[in-house]
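The shown structure was predicted, so the numbers you read here are calculated from the model rather than taken from an experiment.
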Amino acid sequence: MQGPVLERIFANKHQTMVACIYCILAALPALLFPHPIALIPLAAIPLGLIFILKKPFVVVLIFIMFSFFRLHEVFPQLDPIKIPMLTALGSYFVLGWHIVLTRKVKMYWRHEHTAFARFFGWVVLGIAFSSHPPSAFGSFTSVYVKIGIMVLAISWLMTEHWHFKLAHFLIICSGLAVGYVTLYNNANGIGMVEETRVTIPGTSLGDPNDLSLVLSFPMSYAIAFAVTRGTGRIRTLLGIAGFIIFVSSIIATQSRGGLLATVAVMGIFGLRIIKSKLLLISICSFSLMILVAAAGINDRKSGGAAEKGVDASAMGRIHAWEAAFFMGLKNPMTGVGLSLFLDNYWDYATHSRAEGQAHVTHSTWFQVLAEAGFFGLGLFVFLIFSIFMSIRSSLDRLDRNRGSPEYDPHLTAITVGTYAGLVGFCVSGSFLSQGFLWPIYIITSISIAIANYMDTYHPEKAEGEKGSIVKKSRKSNNSFIDGKDKPNDQQPEKLAEVR
């Protein structure tokens, strides 16, 4: 009797594994918090497990929203729930579950992964040769290792059409939440720096330049909804409303880098609509002047018209860039190490402490140069170039299908939005230290997912195959013209045999 019973119990090893995990989770609250109220969440655990196992990409997408837009900091009421930590653990769990046990997640490797892995590996190698390895390793374990895992998780889990539609929609909604708080703070004088520049105090977006960069990414997705036909009226209206809110929020930050990113993003969409390059340049130049006037850049306390010559803000950047250059020059292979720019600032600064204070690099490129060396900067630039060419190739293939039954407006919208977001990052990132934070890596993983989806569901035919098809069609056309193999003039003997 025991044999058949045990066979039935262990017939489905996946169910057995789930039951064991649930029993362990059910015991933990009672051990850590011995109170009857601790048993209430147990009712939600089975539903939560079923959800994250059935919809693993949704868990990863929630992690993206909270990590990129810092929603738990923007809305402090969400912070006690620890959503980023829970979604990160959930992402690791479902990724391992579906790779090792169910094998529903198909791991693949593309040349974009290789470009990322080279830079990531070089940063890890540089930890051992950094100026203070414990600090560099601490920065790696707290943020950068999560970035490495999530790049793979997003690219491997983002495989279905509804994934792209949902990601596009939620990225805009998350950006609108941040934009709403930005405009609210600006209207009520909350979190103002330099008297006129709005921020979100108490968060990672307490710097107006960082806030403008976070807002510029969903802005590119909002414009994509507004200008792409076929996505639906509701999405078009959402895109128009989002564009107005994002531009207004960026203007409120008075960030020069944010305004340049806004013009760059609009220029990418202008290239797809306006054929005359001269007209496009004129429109972008005029738009930049309007944005600068609307933002009141001249009224800024630092970098405004009141400061003659090189303003204090620009001089601080110049000093930081000089220090970063000498760090890279002294350590050309691996730099000073991850997140160690400020710790080494005064060892490489060309000015005295009396002439100014230590600044962050205020440039993604100089940050990577200082903390990963010239070799690391080369790998980072190659990563940017690889992603740029990948997303450009996907967009070209989608555009070639325009007007055909295979054309997909939703995929086109997220592709062109990601493309514009990459350009916006390169522009605004030139004035912000974002080389080892989430923005560029989320763009990287979405670009890889789009390229893989295109290769899977919209494969591009090889040139030889195209040529053979053309030759075959021409041959059949010529045969028809010559009177050979006509469909209605078959050889009578063969027709008789068939009858």
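In this pair, Phe57 and Trp162 present their aromatic rings perpendicular. The plane angle is above 60°, beyond the 30 to 60° band. Using the six-membered ring where Trp is involved, Phe63 and Trp438 have ring planes that are perpendicular, over 60° apart on the 30 and 60° scheme. By the 30° and 60° cut-offs, the orientation of the rings of Phe325 relative to Phe374 is perpendicular.
For Tyr457 and His161, the ring centers sit 6.0 Å or farther from each other. Proximity of the aromatic rings of Phe217 and Phe246 is defined here by a centroid distance below 6.0 angstrom, and this criterion is not met. Residues Phe436 and Tyr441 keep their aromatic ring centres 6.0 Å or farther apart. Separation of the Phe120 and Tyr144 ring centroids falls under the 6.0 Å cut-off. The six-membered or imidazole ring of Tyr453 lies near that of Phe164, with a centre-to-centre distance under 6.0 Å. When ring centroids are compared, Phe366 and Trp321 come within the 6.0 Å threshold.
Counting heavy atoms of neighbouring residues, nucleotides and ligands inside a 6.0 Å radius, atom CZ of Phe75 exceeds 12 of them. The number of heavy-atom neighbours closer than 6.0 Å to CD1 of Ile273, taken from other residues, nucleotides and ligands shown, is above 12. Atom OH of Tyr108 is surrounded by more than 12 heavy atoms from other residues, nucleotides or ligands within 6.0 Å.
A salt bridge between Asp396 and Arg392 is present, with a side-chain N of the basic residue lying under 4.0 Å from a carboxylate O of the acidic one. Salt bridge present: Arg397 and Asp455 bring a charged side-chain N and a carboxylate O closer than 4.0 Å.
Contact between Arg317 and Phe431 at its shortest, heavy atoms only, is NH2-O, 3.6 Å. Here the closest non-hydrogen pair linking Ala324 and Thr361 is CB-CG2, 4.3 Å. Residues Ser287 and Met266 share a closest heavy-atom pair of CB-CE, 4.4 Å. The two atoms that bring Gly424 and Ala261 nearest to each other are O-CB, 3.7 Å, heavy atoms only. Smallest separation of non-hydrogen atoms from Ser430 and Trp365: OG-NE1, 2.9 Å. For Ile448 against Ser155, the heavy-atom pair with the smallest separation is CG2-CB, 3.8 Å.
Annotation: side chain of Ser130 is in contact with side chain of Pro133 (closest heavy-atom distance under 4.5 Å). Within the 4.5 Å cutoff, no side-chain heavy atoms of His163 are placed close to those of Lys165. Side-chain contact between Thr412 and Tyr407 is present, with heavy atoms from C-beta onward closer than 4.5 Å. Residues Leu183 and Ser248 form a side-chain contact, since some pair of their non-hydrogen atoms from C-beta on lies under 4.5 Å apart. Glu112 is not listed as a side-chain neighbour of Ser447, based on a closest heavy-atom distance of 4.5 Å or more. Looking only at side-chain heavy atoms (C-beta outward), Asn344 and His132 stay at 4.5 Å or farther from each other. Considering only heavy atoms from C-beta on, Val58 comes within 4.5 Å of Leu166 through its side chain. Residues Met327 and Leu369 have side chains not in contact (no heavy-atom distance under 4.5 Å, counting atoms from C-beta outward).
Looking at Trp122 and Thr334, their side chains never bring a donor and an acceptor atom within 3.5 Å of each other. Between Tyr221 and Thr418, the side chains place a donor N or O and an acceptor N or O closer than 3.5 Å (distance only, hydrogens not considered). One side chain, Ser204 or Glu73, offers a donor N or O that lies under 3.5 Å from an acceptor on the other.
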Does Phe225 form a ring pair (Phe, Tyr, Trp, His ring centres under 6.0 Å) with Phe169? I'd like the steps, not just the answer. CA-CA 9 Å; Phe225 262 161; Phe169 179 77; 7.6 Å; no
Determine whether Asp399 and Arg272 satisfy the following criterion, salt bridge (Lys or Arg N to Asp or Glu O under 4.0 Å), listing intermediate values before the conclusion. CA-CA 10 Å; Asp399 287 341; Arg272 297 174 56 82; 2.9 Å; yes
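Among the candidates Leu422, Ile391, Thr415, Ile171, the single residue satisfying the side chain to side chain contact (heavy atoms under 4.5 Å, CB included) test with Ile446 is Ile171. Each of Leu152, Leu383, Leu379 was scored for a side chain to side chain contact (heavy atoms under 4.5 Å, CB included) with Phe116, with one residue passing: Leu383.
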